[in-house]
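Computed from a predicted model, the values in this text were never measured in an experiment.
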Amino acid sequence: MSRPSYWLIKSEPFEYSWNDLVAQKEGTWDGVRNHLAKKNLKAMEVGDLCFFYHSREGLEIVGIAEVSVADILDPTDETGKWAAVKVKPKQELARPVTLKQIKSEPKLADCELVRLSRLSVASIKPDEWKIICEMAEG
DNA sequence: GCCAACGTTGGC
DNA sequence: GCCAACGTTGGC
């Protein structure tokens, strides 16, 4: 298994934006109530990298976060069934990569972000990660 | 604001 | 255990 693994985490910017994460230095990624998203969350390890994507408003990847604490219990979940992680901001993208750009790149056509648009925690393959990073550099 | 995709619920 | 109805999410 190669490390780190790559992920994409979504947030609605009026709920919790990249700037909020930067301001707080570290954020808990909680509130996930989807089983595939949970599976992805639990597969995250410290040091894994996540694209931070703004959904519903913005519709773009704005930064890269690094997993700082893996596989904790979701503090917003009273049943104790759901997982969460903590992330810290690693790098802001020089140029945000929009969903439109991602969709117009044939090599990214079957990434989880595009195929499963409602998934809030998507895995990203290393080559997909590389392509998006290149797009962010312009 | 609309609609498609997906998850969940509840009747059978 | 199946499936229709319904609610929610998220892109457009």
Side-chain angles (χ1 to χ4, degrees):
Chain A
M1 263 315 254
S2 59
R3 286 287 160 189
S5 294
Y6 302 109
W7 310 95
L8 180 140
I9 56 181
K10 289 189 191 177
S11 183
E12 303 185 10
F14 41 87
E15 288 284 339
Y16 193 85
S17 71
W18 170 256
N19 286 337
D20 294 332
L21 179 65
V22 170
Q24 291 176 13
K25 306 271 201 296
E26 185 177 55
T28 302
W29 201 263
D30 56 25
V32 167
R33 296 293 182 273
N34 169 286
H35 288 95
L36 180 54
K38 178 191 171 187
K39 178 172 159 276
N40 284 340
L41 264 183
K42 289 185 79 77
M44 287 186 187
E45 292 182 10
V46 173
D48 283 0
L49 298 175
C50 309
F51 283 130
F52 193 107
Y53 175 81
H54 281 168
S55 64
R56 293 187 66 91
E57 275 184 20
L59 305 185
E60 59 191 11
I61 297 169
V62 290
I64 296 173
E66 182 178 342
V67 177
S68 53
V69 183
D71 197 11
I72 56 176
L73 278 179
D74 185 337
T76 67
D77 169 34
E78 291 170 6
T79 69
K81 283 192 301 188
W82 297 99
V85 295
K86 286 191 181 184
V87 295
K88 54 188 181 185
K90 184 177 176 65
Q91 187 191 325
E92 188 164 340
L93 297 189
R95 297 170 158 208
V97 177
T98 64
L99 182 64
K100 208 172 168 184
Q101 283 176 274
I102 292 168
K103 286 193 162 175
S104 63
E105 170 52 69
K107 287 176 191 149
L108 299 174
D110 53 62
C111 66
E112 281 189 356
L113 174 68
V114 174
R115 278 191 304 125
L116 305 170
S117 67
R118 292 186 49 205
L119 186 64
S120 54
V121 185
S123 66
I124 301 274
K125 295 179 198 124
D127 48 340
E128 292 167 350
W129 179 271
K130 200 173 156 217
I131 293 166
I132 295 171
C133 285
E134 283 166 6
M135 293 166 96
E137 286 160 11

**OP:** Scan residues 4-16 of chain A for pairs that pass salt bridge (charged side-chain N to carboxylate O under 4.0 Å, His left out), counting only residues two or more places apart or in two chains.
**Re:** none
Original post:
What ring pair (Phe, Tyr, Trp, His ring centres under 6.0 Å) pairs are there with at least one residue in residues 64-86 of chain A, not counting sequence neighbours?
Top reply: A/His35-A/Trp82
**OP:** Could you pull out all residues at least two apart from A/Glu128 that satisfy side-chain hydrogen bond (donor to acceptor under 3.5 Å, both in side chains)?
**Re:** A/Lys125
**OP:** Rounded to the nearest angstrom, tell me the gap between atom CG in A/Leu99 and atom C1' in C/dT9.
**Re:** 14 Å
Original post:
Excluding sequence neighbours, so at least two apart, what forms side chain to side chain contact (heavy atoms under 4.5 Å, CB included) with A/Asp20?
Top reply: A/Tyr16, A/Ser17
Original post:
Can you give one letter per nucleotide of nucleotides 1-6 of chain C, 5' to 3': B if a protein heavy atom sits under 4.0 Å from the base, S if only from the sugar-phosphate, - if neither?
Top reply: ------
Original post:
In chain order, what residues pass the ring pair (Phe, Tyr, Trp, His ring centres under 6.0 Å) check against A/Trp18, with sequence neighbours excluded?
Top reply: A/Phe52
**OP:** Please list all pairs passing the ring pair (Phe, Tyr, Trp, His ring centres under 6.0 Å) test where one or both residues lie in residues 106-132 of chain A, with sequence neighbours left out.
**Re:** A/Tyr6-A/Trp129, A/Phe51-A/Trp129
**OP:** Identify, residue by residue, the members of residues 29-38 of chain A with a heavy atom below 4.0 Å from DNA chain B, and return them in order of residue number, or none.
**Re:** A/Asn34, A/His35
**OP:** For A/Lys42, check salt bridge (Lys or Arg N to Asp or Glu O under 4.0 Å) against everything at least two apart and list the hits.
**Re:** A/Asp71
Original post:
Heavy atom of residues 102-113 of chain A under 4.0 Å from DNA chain B: which residues?
Top reply: none
Original post:
Between A/Arg118 (CZ) and C/dG7 (P), how many Å, whole number?
Top reply: 14 Å
Original post:
How long is the line joining CG of A/Leu119 and P of C/dG11, in whole Å?
Top reply: 11 Å
**OP:** Identify, with sequence neighbours excluded, every residue that meets side chain to side chain contact (heavy atoms under 4.5 Å, CB included) alongside A/Glu60.
**Re:** A/Val62, A/Pro96, A/Thr98
**OP:** Mind checking salt bridge (Lys or Arg N to Asp or Glu O under 4.0 Å) for A/Asp30 and listing every partner two or more places apart, or none if nothing turns up?
**Re:** none
Original post:
Between A/Glu112 (side chain) and A/Ser123 (backbone), is there a donor-acceptor pair under 3.5 Å?
Top reply: yes
